[in-house]
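See below for the structure under consideration.
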Amino acid sequence: MEQGAAGAAADGDAAAGRPDAIDVHGAEVVGHPARHGRAHRRHPERPQRPREELTEALRERVYASFTGLAIVLVQLENVEHVGPVRATVTLLIGIVAITAAGFVAGVVAHVAVHSAFPDRAEFGRMLRVSGTAIASAAAPLVILALAAFGVLELEPALRIASILYLATLGLIGLVAVRRTHAPWWKQLVALGALLALGLAVVVLQQLAHGH
């Protein structure tokens with residue numbers, strides 16, 4: 001018995017000393033730096049964006065989507081007097097203007113609060129957040145560009161673009177409500193309230209862009 005126990009202990013020690021030994025959870029390789037490094041290289045840690053930056057980026061996307069939707073709907077109402085190229089350029093200029101305004105507002109707010117200009121890291125963060133607004137218009141711009149090249153008629157292209165914007169806003173609202181983990185009926189009420197507020201925003205922006 002003692003010899004068997006000693007042999008088992010020796011075998012265990014030998015296994016622990018082997019280059020291919022692993023820990024009890026199988027999580028990492030012990031005693032073999034090269035293999036351990038390969039394991040880490042297969043699963044590199046990806047840097048995650050801070051939650052505040054994600055919040056600001058999502059806010060910019062929602063705001064740009066509302067504004068883009070209003071621009072598209074106004075042009076849809078006046079489709080007889082709008083050409084495909086003009087519709088595409090109008091949406092592009094509107095989104096770029098929103099992006100620039102958001103970026104400048106961020107810089108001014110940073111200077112006012114911190115009494116200093118943003119450093120390189122903060123400057124990059126502001127650019128990433130502002131760029132989210134342009135990303136929100138990628139698909140609608142592609143649809144309108146197809147109309148500008150004669151692939152689609154302008155009216156259906158504007159309708160498709162408006163549907164894309166509505167789907168984006170609806171999906172964001174649905175995800176936001178679902179993340180509350182509230183009872184289903186409270187989620188339904190909250191989603192209805194968000195949709196009503198969104199509709200009011202679109203109407204107001206249509207009035208603003210239409211005059």
Side-chain angles (χ1 to χ4, degrees), residues 46-49 53-108 118 120 122-179 191-192 194-211:
R46 297 180 179 178
Q48 295 184 351
R49 298 169 70 180
E53 181 178 335
L54 290 174
T55 302
E56 294 177 2
L58 184 59
R59 182 188 62 201
E60 291 294 323
R61 179 178 287 272
V62 170
Y63 179 65
S65 297
F66 273 126
T67 304
L69 177 60
I71 294 173
V72 169
L73 291 178
V74 168
Q75 295 185 101
L76 184 58
E77 291 178 355
N78 302 277
V79 67
E80 298 86 1
H81 309 289
V82 179
V85 175
R86 180 183 174 184
T88 306
V89 172
T90 299
L91 179 59
L92 177 61
I93 292 176
I95 297 302
V96 170
I98 293 170
T99 303
F103 177 76
V104 172
V107 173
V108 172
R120 180 179 298 181
E122 184 66 16
F123 192 82
R125 186 191 68 80
M126 291 180 179
L127 284 177
R128 289 193 300 270
V129 169
S130 301
T132 306
I134 295 180
S136 68
L141 282 173
V142 169
I143 298 299
L144 294 185
L146 292 176
F149 283 105
V151 179
L152 292 174
E153 294 294 330
L154 179 58
E155 184 172 356
L158 289 170
R159 292 189 184 279
I160 293 173
S162 64
I163 291 173
L164 288 174
Y165 273 127
L166 288 171
T168 298
L169 292 170
L171 180 61
I172 293 175
L174 179 62
V175 171
V177 170
R178 292 287 294 173
R179 288 178 66 87
L191 183 60
L194 289 176
L195 291 176
L197 289 173
L199 179 62
V201 170
V202 171
V203 171
L204 291 174
Q205 289 192 333
Q206 275 192 278
L207 293 175
H209 288 283
H211 296 283

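Here the structure is a predicted model, which is why all the values come from computation and not from measurement.
- Within 6.0 Å of the CZ atom in Phe103, the count of heavy atoms belonging to other residues, nucleotides or ligands exceeds 12.
- Side-chain N or O atoms of Ser130 include none that pairs as donor or acceptor with a backbone N or O of Leu127 at under 3.5 Å.
- For the atom pair Leu92 CG and Leu144 CG, the distance stands at 10.5 Å (nearest 0.5 Å).
- Remark: Phe149 engages no residue in a ring pair (Phe, Tyr, Trp, His ring centres under 6.0 Å) (not counting sequence neighbours).
- Within 6.0 Å of the CD atom in Glu153, the count of heavy atoms belonging to other residues, nucleotides or ligands does not exceed 12.
- Here the CD-CG distance, from Glu80 to Asn78, works out to 7.5 Å after rounding to the nearest 0.5 Å.
- By the 4.5 Å heavy-atom criterion applied to side chains, Ser136 and Thr168 are not counted as neighbours.
- The NE2 atom of His81 sits 10.0 Å away from the CZ atom of Arg86 when rounded to the nearest 0.5 Å.
- Side-chain atoms of Gln75 and Ile71, non-hydrogen and from C-beta on, do get closer than 4.5 Å to each other.
- The distance from the OG1 atom of Thr88 to the CD1 atom of Ile93 is 11.0 Å, given to the nearest 0.5 Å.
- Going from atom CZ of Arg159 over to atom CG of Leu154 covers 10.5 Å, rounded to the nearest 0.5 Å.
- In this structure, Ile95 and Ala137 approach most closely via the heavy-atom pair CG1-CB, 3.6 Å.
- To the nearest 0.5 angstrom, Leu69 atom CG is 5.0 Å from Leu166 atom CG.
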